[in-house]
Amino acid sequence: MSAAGIRSLLRAGGRDGWWERRRGAVRDALFPAAVEPPARPSPGDVLAEARSVGMRRGGRPVLVDASLRVVAGEVLVLIGPNGAGKSTLLSVLAADTLPDAGEVLLDGRPVTGWRPRELALRRSVLPQAAALSFPFPVVEVVRMGRAPRAGTPAEERDDAVVAAAMAAAEVSAFAGRSFAELSGGERARVALARVLAQRAPLMLLDEPTAALDLRHQELVLRLCRQRAAAGEAVVVVLHDLALAAAYADRVVVLHDGRIAADGPPAEVLTEELIGRVYRHPVDVLRHPDTDVPLIVPVRSGRRPG
């Protein structure tokens with residue numbers, strides 16, 4: 001669907017304005033009062049910070065003394081084996097989960113000091129699973145990302161921002177379809193478009209490529225790089241070490257709830273560290289054109305010649 005068609009759908013508000021009323025009810029319940037949007041960050045600004053964060057679940061430590069800074073202008077990728085604490089750390093940075101120990105700051109203030117709408121203007125979150133209880137059309141799902149801007153001057157640009165976000169995520173073609181009818185990969189891209197439409201200076205994405213094909217995996221990480229180049233901060237949880245090596249400015253490796261390494265991909269993605277953390281030997285090669293690290297698992301006890 002064209003951008004003009006998407007704008008027409010947005011203005012129509014659905015049959016008899018039902019979607020418009022539903023959207024307004026959701027917006028008013030979640031974000032009852034308009035607030036001033038944050039200033040645009042400058043490159044190098046610390047947008048989020050975890051200080052000695054600890055978390056336990058079921059009596060088991062899932063984060064132990066975890067500290068990191070998220071800086072405007074960079075893509076920070078969290079990697080590690082299953083159960084290492086990646087998603088928990090992302091949730092803590094998003095203020096969706098409060099840690100048992102330590103402190104988390106967002107835009108220089110403890111996360112407990114922000115109201116929900118203030119949080120939504122400062123960070124956007126893409127969870128692992130995208131689910132909705134009502135059969136919203138795709139265009140309305142993306143429009144939900146604009147709810148925090150209601151009552152601000154930015155609201156005037158909602159239609160254009162939503163259309164641009166859908167085009168970027170390549171979901172414009174099914175703008176009028178029900179979200180419930182989409183495949184898993186299509187839903188993931190619609191959820192990403194919602195996050196893009198939110199236009200928060202900090203994006204937190206939990207395994208955004210898990211349900212996607214090769215083309216759209218690359219698309220998602222290119223969008224992350226574009227947002228970082230525009231001065232925003234992006235934190236991404238990934239399992240694909242090749243994507244982490246190719247697109248990250250910084251890689252944070254989590255192991256048993258602790259941060260085992262934090263630095264540029266070329267320094268962090270070593271055979272010794274990756275082999276120890278993932279408990280499987282790897283060869284780290286270099287791409288002949290880009291010099292980006294290529295992580296190759298050692299299979300059948302044989303190393304490449």
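Both backbone and side-chain heavy atoms feed into the values below; hydrogens, waters and symmetry mates do not. This is a predicted model, so every value here is computed, not measured.
Taking 4.5 Å as the limit, every side-chain heavy atom of Pro265 sits out of range of all side-chain heavy atoms of Val292. The side-chain heavy atoms of Pro99 and Leu63, taken from C-beta on, include no pair separated by under 4.5 Å. For the pair Val284/Thr270, no side-chain contact is recorded, criterion being any heavy-atom separation below 4.5 Å from C-beta on. Looking at Leu121 and Thr152, their side chains never come closer than 4.5 Å, going by heavy atoms from C-beta outward. Counting only heavy atoms from C-beta outward, the side chains of Pro208 and Leu192 never approach each other to under 4.5 Å. At least one side-chain heavy atom of Asp159 sits under 4.5 Å from a side-chain heavy atom of Arg143. Contact annotation: the side chain of Leu204 never approaches that of Val70 to less than 4.5 Å [non-hydrogen atoms, C-beta and beyond]. With a 4.5 Å cut-off on side-chain heavy atoms, Val220 and Leu243 do not count as touching.
For the residue pair Val251 and Ala244, the shortest heavy atom distance occurs at CG2-O, 4.2 Å. Closest approach of Ala175 to Met166, counting heavy atoms only: CB-CE, 3.5 Å. Contact detail for Tyr247 and Arg222: the closest heavy-atom pair is OH-CG, 3.7 Å. Nearest heavy-atom pair across Ser67 and Ser52 is OG-N, 2.7 Å. Gln217 and Asp240 get closest at one heavy-atom pair: OE1-OD2, 4.2 Å. Minimum heavy-atom separation, Pro293 to Arg286: CG-NH1, 3.5 Å.
For Arg57, there are no salt bridge (Lys or Arg N to Asp or Glu O under 4.0 Å) partners at least two apart in sequence or on another chain. Taking the side-chain contact (heavy atoms from CB on, under 4.5 Å) definition, one finds that Arg258 meets it with Val64, sequence neighbours left out. Under the side-chain hydrogen bond (donor to acceptor under 3.5 Å, both in side chains) criterion, Arg157 pairs with no residue, sequence neighbours left out. Evaluation of the side-chain hydrogen bond (donor to acceptor under 3.5 Å, both in side chains) rule for His255 yields no partner, not counting sequence neighbours.
Although no hydrogens or angles enter the test, the distance criterion places no donor-acceptor pair under 3.5 Å between the side chain of Glu140 and the main chain of Pro137. Of the possible donor and acceptor atoms, none in the side chain of Glu49 sits under 3.5 Å from a partner among the backbone N and O of Leu105. Listed for the Lys86 side chain is no donor-acceptor partner under 3.5 Å among the backbone atoms of Val236. Of the possible polar contacts, none joining the Arg146 side chain to the Val162 backbone as a donor-acceptor pair under 3.5 Å is found. With hydrogens and angles ignored, the 3.5 Å screen pairs no side-chain donor or acceptor of Thr97 with any backbone N or O of Val92.
Here Leu254 contributes atom CG and Thr88 contributes atom OG1; the two are 9.5 Å apart, rounded to the nearest 0.5 Å. Here the straight-line distance linking atom CZ of Arg250 with atom CG of Leu78 works out to 9.5 Å at 0.5 Å rounding. To the nearest 0.5 Å, atoms CZ (Arg149) and CG (Asp158) are separated by 9.5 Å. Rounded to the nearest 0.5 angstrom, Leu221 CG and Leu212 CG are separated by 10.0 Å. Here the CD atom belonging to Gln128 is positioned 4.0 Å from the CG atom belonging to Asp206, to the nearest 0.5 angstrom. Rounded to the nearest 0.5 angstrom, Leu269 CG and Ile295 CD1 are separated by 4.5 Å.
Counting only residues at least two apart or on different chains, the side chain to side chain donor-acceptor pair (under 3.5 Å) pairs with a member in residues 173-185 are Ser183-Glu186. Evaluation of the side chain to side chain donor-acceptor pair (under 3.5 Å) test over residues 187-204, restricted to residues two or more places apart or in two chains, returns none.
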- [ ] Go through Asp249 and Leu76 one step at a time and tell me if the side-chain contact (heavy atoms from CB on, under 4.5 Å) criterion holds.
- [x] CA-CA 6 Å; Asp249 294 299; Leu76 171 61; over 6 Å; no
Open item on the list: Leu47 vs Arg122, test: side-chain contact (heavy atoms from CB on, under 4.5 Å). Steps then yes/no.
Closed with: CA-CA 9 Å; Leu47 300 190; Arg122 286 164 174 81; over 6 Å; no
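Met55 and Val253 fall into different hydrophobic clusters, where Ile, Leu, Val, Met, Phe, Trp and Tyr residues are linked whenever their side-chain heavy atoms come under 4.5 Å apart, directly or through other members. Leu93 and Met203 fall into different hydrophobic clusters, where Ile, Leu, Val, Met, Phe, Trp and Tyr are joined by side-chain heavy atoms under 4.5 Å apart, directly or via other members. One hydrophobic cluster holds both Tyr278 and Val77 under the rule that ILVMFWY side chains link at heavy-atom gaps under 4.5 Å. Cluster membership check: Leu238 does not share its hydrophobic cluster with Leu68, using side-chain heavy-atom separations under 4.5 Å among Ile, Leu, Val, Met, Phe, Trp and Tyr. No continuous path of hydrophobic side-chain contacts links Val75 to Ile259 [ILVMFWY only; heavy atoms under 4.5 Å].
Using a cut-off of 4.0 Å between Lys/Arg side-chain N and Asp/Glu carboxylate O, Asp262 and Arg69 are scored as not salt-bridged.
Residue-environment remark: CD (Glu156) stays at or below the threshold of 12 foreign heavy atoms within 6.0 Å.
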